[in-house]
Amino acid sequence: MAKENNSLTTEFILIGFTDHPVLKILLFLVFFAIYLITMVGNLGLVALISMEHRLHTPMYIFLGNLALMDSCCSCAIIPKMLENFFSEGKMISLYECMAQFYFLCLAETADCFLLAAMAYDRYVAICSPLQYHTMMSKKLCIQMTIGTFIASNLHSMIHVGLLLRLTFCRSNQIDHFFCDILPLYRLSCTDPCINELMIYIFSMPIQIFTIATVLFSYICILFTIFKMTSKEGRGKAFSTCASHFLSVSIFYICLLMYIRPFEEGDKDIPVAIFYTIVIPLLNPFIYSLRNKEVISGLKKCMKNYNIVK
């Protein structure tokens with residue numbers, strides 16, 4: 001028993017992508033550029049929504065928080081990944097590993113709730129436009145946002161707390177580019193069946209609730225749009241929810257691929273890259289490029305800045 005305790009792992013090695021020197025430099029430059037664009041895009045969107053009073057509506061409040069969580073997701077993963085491209089040991093301590101997983105879990109759980117809240121907001125705006133300000137009041141919007149962060153924090157803390165009950169005395173090599181929960185289960189000497197059960201008890205209801213909310217909202221939206229007699233009204237309704245529908249579709253397709261039973265090896269890495277790195281990169285562009293209110297607000301802020309300058 002003493003021998004087993006002496007060999008407990010307190011540090012892990014993140015295997016990452018490749019040890020080829022040229023490929024390492026190329027991948028470093030690609031992911032560094034993605035990181036910069038992601039942070040500028042998301043934090044810029046948060047700043048724009050904060051400064052532009054016309055964007056202080058429920059939809060944009062949820063969008064601002066979504067951008068903030070996407071920034072959190074990128075900060076949790078990419079800096080350590082970039083460091084490991086040129087680190088000989090590629091080491092990460094147990095507590096750094098837990099912190100990385102905590103912030104990733106927090107961001108992704110919050111994304112689920114925020115996308116569901118945005119779907120409900122679009123449902124009210126299109127299906128009950130005359131009651132929009134009553135049904136989506138500022139008070140309800142704040143309550144939904146606070147509830148999202150409380151639930152996401154609790155969800156993350158539960159899984160991190162359960163991870164800390166595990167002991168790691170096998171290989172300390174994680175065949176991934178970040179500390180994900182299921183690769184850690186493979187390295188555990190403690191039976192992770194309780195942890196796996198808690199995933200089904202806590203994570204599955206969140207996924208079912210948020211997916212059901214999105215599906216219900218968009219089914220009602222589609223029925224309402226098809227009942228419209230005006231082509232202009234249909235076009236306006238479609239444009240109102242097109243960016244959110246695209247973002248939701250990409251997110252949940254990747255999520256369903258990501259949470260499938262993991263196989264051994266690196267077959268999950270491409271999906272993980274898209275889910276944790278590419279989606280936070282895409283969201284600011286999806287919500288900004290064809291959004292007249294965001295573009296108008298950006299032009300106004302730039303104009304005001306030039307006047308002050």
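As a basis for the values below, the full set of heavy atoms in this structure was taken, side chains included, without hydrogen atoms, waters or symmetry mates.
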(request) Compute whether any side-chain donor of one residue and acceptor of the other, for D180 and Y185, lie under 3.5 angstrom apart. (result) no
(request) Mind checking the CG-OG1 spacing from D70 to T276? Nearest 0.5 Å is all I need. (result) 11.0 Å
(request) Would you give the length of the straight line joining atom CD1 of I277 to atom OG1 of T38, rounded to the nearest 0.5 angstrom? (result) 8.5 Å
(message) Quick check: do P58 and F62 have side-chain heavy atoms less than 4.5 Å from each other?
(response) yes
(request) Output the distance between atom CZ (F226) and atom CD1 (I221), rounded to the nearest 0.5 Å. (result) 12.0 Å
(request) Measure the shortest side-chain to side-chain distance between Y35 and I77 over non-hydrogen atoms and say whether it is less than 4.5 angstrom. (result) no
(message) If you count heavy atoms of other groups shown closer than 6.0 angstrom to NE2 of H56, is the number above 12?
(response) yes
(request) Would you check if the side chain of S188 reaches a backbone N or O of L184 as a donor-acceptor pair within less than 3.5 Å? (result) no
(message) Are there over 12 heavy-atom neighbours, none belonging to F28, within less than 6.0 Å of that residue's CZ?
(response) yes
(request) Determine, stepwise, if the pair L66 / Y287 fulfils side-chain contact (heavy atoms from CB on, under 4.5 Å). (result) CA-CA 11 Å; L66 182 71; Y287 286 104; 4.0 Å; yes
(message) Just checking F17 against F31, ring centres under 6.0 Å apart?
(response) yes
(request) Determine yes or no for a side-chain-to-main-chain donor-acceptor pair under 3.5 angstrom, with S249 supplying the side chain and F245 the backbone. (result) yes
(request) Would you name the heavy atoms of Q100 and I92 that are closest together and state the gap between them? (result) OE1-CD1, 4.1 Å
(message) So which atom in P79 and which in C75 form the shortest heavy-atom distance, rounded to 0.1 Å?
(response) CD-O, 3.3 Å
(request) Could you give me the CA-CA distance, side-chain angles and deciding distance for S171 and R186, then say whether side-chain contact (heavy atoms from CB on, under 4.5 Å) is met? (result) CA-CA 9 Å; S171 170; R186 298 185 194 128; over 6 Å; no
(message) Please give me the minimum heavy-atom distance between P129 and I126, naming the atom from each residue.
(response) CD-O, 3.6 Å
(message) Show, in sequence, the C-alpha distance, side-chain angles and deciding distance for I286 and N283, and conclude whether the side-chain contact (heavy atoms from CB on, under 4.5 Å) test is met.
(response) CA-CA 5 Å; I286 291 173; N283 276 341; 4.1 Å; yes
(request) Verify the cluster assignment for I34 and V40: are they in a single hydrophobic cluster under the rule of side-chain heavy atoms below 4.5 Å apart? (result) no
(message) Is the distance from the ring center of Y218 to that of H244 below 6.0 Å?
(response) yes
(message) Hydrophobic clustering (ILVMFWY, side-chain heavy atoms < 4.5 Å, transitive) - are Y102 and L162 grouped together?
(response) no
(request) Kindly check if the number of other-residue, nucleotide or ligand heavy atoms within 6.0 Å of CZ (F86) is above 12? (result) yes
(request) With rounding to the nearest 0.5 Å, note down the distance linking CD1 in I61 to CG in L114. (result) 11.5 Å
(request) Give the C-alpha distance, both sets of side-chain angles, the deciding distance and a yes or no for side-chain contact (heavy atoms from CB on, under 4.5 Å) between I15 and H176. (result) CA-CA 6 Å; I15 300 298; H176 220 301; over 6 Å; no
(message) Is there a side-chain contact between F285 and I37 in this structure, where contact means two heavy atoms from C-beta onward sitting under 4.5 Å apart?
(response) yes
(request) Mark yes or no for whether S128, through its side chain, and V124, through its backbone, hold a donor-acceptor pair below 3.5 Å. (result) no
(request) Answer with yes or no whether the hydrophobic clustering places F101 together with F103; edges join I, L, V, M, F, W, Y residues whose side-chain heavy atoms lie under 4.5 Å apart. (result) yes
(message) Any heavy-atom pair between the side chains of L94 and E11 that's under 4.5 Å?
(response) no
(request) Kindly work out whether a path of hydrophobic side-chain contacts (I/L/V/M/F/W/Y, heavy atoms less than 4.5 Å apart) joins V160 to I174. (result) yes
(message) Within this structure, what is the CZ-CG distance for the pair F149 and L106, rounded to the nearest 0.5 Å?
(response) 7.5 Å
(message) Quick check on the hydrophobic clustering: are F113 and V46 connected, directly or via other members, by side-chain heavy-atom contacts under 4.5 Å?
(response) no
(request) Could you tell me whether the side chain of N42 and the main chain of P280 form a donor-acceptor pair under 3.5 Å? (result) yes
(request) Can you see which heavy atom on E196 is nearest to which on Y200, and at what distance? (result) O-CD1, 3.1 Å
(request) Going by the side-chain contact (heavy atoms from CB on, under 4.5 Å) test, name the single residue among N153, T148, I146 that passes it with I150. (result) I146
(request) Please examine the side chains of C112 and Y252, heavy atoms only from C-beta on, and report whether any two atoms are closer than 4.5 Å. (result) yes
(request) Could you tell me the separation between the CE atom of M144 and the SG atom of C141, rounded to the nearest 0.5 Å? (result) 7.5 Å
(request) For the residue pair F178 and L14, establish whether any side-chain heavy-atom pair is separated by less than 4.5 Å. (result) no
(request) Quick one: closest heavy-atom pair of L45 and P284, and the distance? (result) CD2-CA, 4.4 Å
(request) State whether the SG distance for the cysteine pair C97/C179 is less than 2.5 Å. (result) yes
(request) Would you check if N84 and F177 make a side-chain contact, meaning some heavy-atom pair closer than 4.5 Å? (result) no
(request) Fit a plane to each ring of Y275 and F251, take the angle between them on a 0 to 90° scale, and name the class: parallel (under 30°), tilted (30 to 60°) or perpendicular (over 60°). (result) tilted
(message) Could you check whether atom OH of Y132 has more than 12 heavy atoms from other residues, nucleotides or ligands sitting under 6.0 Å from it?
(response) yes
(message) Show the nearest heavy-atom pair for residues I13 and G89, with the distance to one decimal.
(response) CG2-O, 3.6 Å
(request) Keeping the roles fixed (side chain from T210, backbone from Q207), state whether a donor-acceptor pair exists under 3.5 Å. (result) yes
(request) Could you label the plane-to-plane angle of the H159 and H155 rings as parallel, tilted or perpendicular, counting under 30° as parallel and over 60° as perpendicular? (result) perpendicular
(request) Check whether any side-chain heavy atom of L63 lies under 4.5 Å from a side-chain heavy atom of M118, and answer yes or no. (result) yes
